[in-house]
Amino acid sequence: AKNKGRATYSFFNNTLKQNAEESSRIEHLLRAALVRNEFELYYQPQIDLKTGNLVGAEALIRWHSSEGMVSPDRFIPIAEKTGLIDPITDWVMTTACTQAKEWQSIIPGIRIAVNLSAVSFRQADFVNKVSEVLEFTQVSPECLELEITETAIMADFKEADRILNRLDELGVNLAIDDFGMGYSSLSYLKRFPVDKLKIDKSFVMKLDQNPDDAAITAAIISMAHAMGTRVLAEGVEEKAHMLFLKERGCEEAQGFYFARPMPAEEFVKWCSQGGT
Ligand code: C2E
Ligand code: CA
Ligand code: CA
Ligand code: CA
């Protein structure tokens, strides 16, 4: 048993070492990435289920590093630990708002959703930054949506409440991302000025295979509606899932069934072809 324990220990140790090495390599590359202009925003359509119309797009960051494409799931956590997330958030906000402004003439009223790291969201001057970006890009606040994860809000809901209220006063839309993954209580959520809940894709993707997921999804939709909040389902990959959501009054959906995240030019092309 002792030998086995030791073997497990050294294996674990090696894995940790590899991860630490990889993290510091990514950190090193990440420092140069902004200067080298290696980031790009992709846009994924958000569809109104009742009308089938495009109503918005979620901006998703892509990093074309010198070592190839790096997924945001890998580099965002490192950026958060090293403080690099703040300049990245600034870049994302400015780029997304510039794009939103530009697209108003082609797709009037289109709303761009931006993902916020909990770290940036809690920066002292974050709300001022948002209003600066809106002013700088001349985009109207209702064309910007900020996505904050449920866990980020619940980490300190009093502070989150204060920040969310200030953002609400600016007139931007607020969405709770990855909803269903945390442990929020309805009574807390009710007091936040949020416009939308985004049901996490882990529930949506197996809607027809897993009765529990279907029940949770249906419950989130009716709970959100009872609170007067709109619902968007992410990770909609199949027609059957789209129909399930539509039948239950889910307002919006996003997923590979409609379209994958696309570079800006491709997004415009997709729109001009009527969303196909
Ligand atoms: P998220 O905010 O939950 O974004 C949804 C993820 O699901 C995206 O992955 C998207 O490409 C993917 N997705 C969309 N539709 C489908 C579908 O039908 N099926 C499946 N299987 N996946 C789908 P992506 O782009 O790799 O982003 C991963 C995560 O990285 C995001 O999760 C978000 O937490 C974070 N992220 C992305 N962009 C940014 C950013 O600009 N700032 C920050 N702070 N985080 C970001
Ligand atoms: Ca999101
Ligand atoms: Ca609002
Ligand atoms: Ca999610």
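Atoms within a ligand are numbered from 1 in the order they appear, just like the ligands themselves.
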Quiz prompt | Minimum-distance N/O/S atom that Asp178 presents toward the Ca ion (ligand 4) | solution = OD1
Practice problem: Check all N, O or S atoms of Glu234 and name the one closest to the Ca ion (ligand 4). | Solution: OE2
Quiz item: Quick one: does NZ or CZ of Arg122 land under 6.0 Å from the six-membered ring centre of Phe126, within 45 degrees of the ring axis?
Solution: no
Exercise. Take the angle between the ring planes of Phe39 and Trp91 and call it parallel below 30°, perpendicular above 60°, tilted in between.
Key: tilted
Quiz prompt | Charged N-O contact under 4.0 Å between Glu265 and Lys269 | solution = no
Quiz prompt | Electrostatic pair Arg230-Glu252, nearest N-O below 4.0 angstrom | solution = yes
Exercise. Could you tell me whether any N, O or S atom belonging to Asp177 is less than 3.0 Å from the Ca ion (ligand 4)?
Key: no
Quiz item: Going by atom types alone, do Thr82 and Glu27 pair a side-chain donor with an acceptor below 3.5 Å?
Solution: no
Quiz prompt | Under 4.0 Å from ligand 1 - residues by heavy atom, chain and number | solution = Gln44, Glu58, Leu60, Ile61, Arg62, Pro72, Asp73, Ile76, Val92, Asn115, Ser117, Asp177, Asp178, Lys201, Met205, Glu234, Gly235, Val236, Glu237, Gly255, Phe256, Pro261
Practice problem: Answer yes if the ring centres of Trp103 and Tyr43 are under 6.0 angstrom apart, and no otherwise. | Solution: yes
Exercise. Report the name of the N/O/S atom of Glu147 located nearest to the Ca ion (ligand 2).
Key: OE1
Self-check item: CA sep, side-chain torsions, deciding dist, call: Asp86, Gln123, side-chain hydrogen bond (donor to acceptor under 3.5 Å, both in side chains)
Solution: CA-CA 8 Å; Asp86 289 325; Gln123 278 291 308; 3.2 Å; yes
Quiz item: Name the one of Gln44, Gln254, Arg111, Gln46 that satisfies side chain to side chain donor-acceptor pair (under 3.5 Å) with Glu58?
Solution: Gln254
Practice problem: Give the name of the N/O/S atom in Asp200 that lies closest to the Ca ion (ligand 4). | Solution: OD1
Quiz item: Looking at the Ca ion (ligand 2), is one of the N, O or S atoms of Asn115 less than 3.0 Å from it?
Solution: yes
Practice problem: May I ask you to check whether Glu58 brings an N, O or S atom to under 3.0 Å from the Ca ion (ligand 2)? | Solution: yes
Quiz item: Do you reckon Leu207 sits in the same ILVMFWY cluster as Met205, going by side-chain contacts under 4.5 Å, direct or chained?
Solution: no
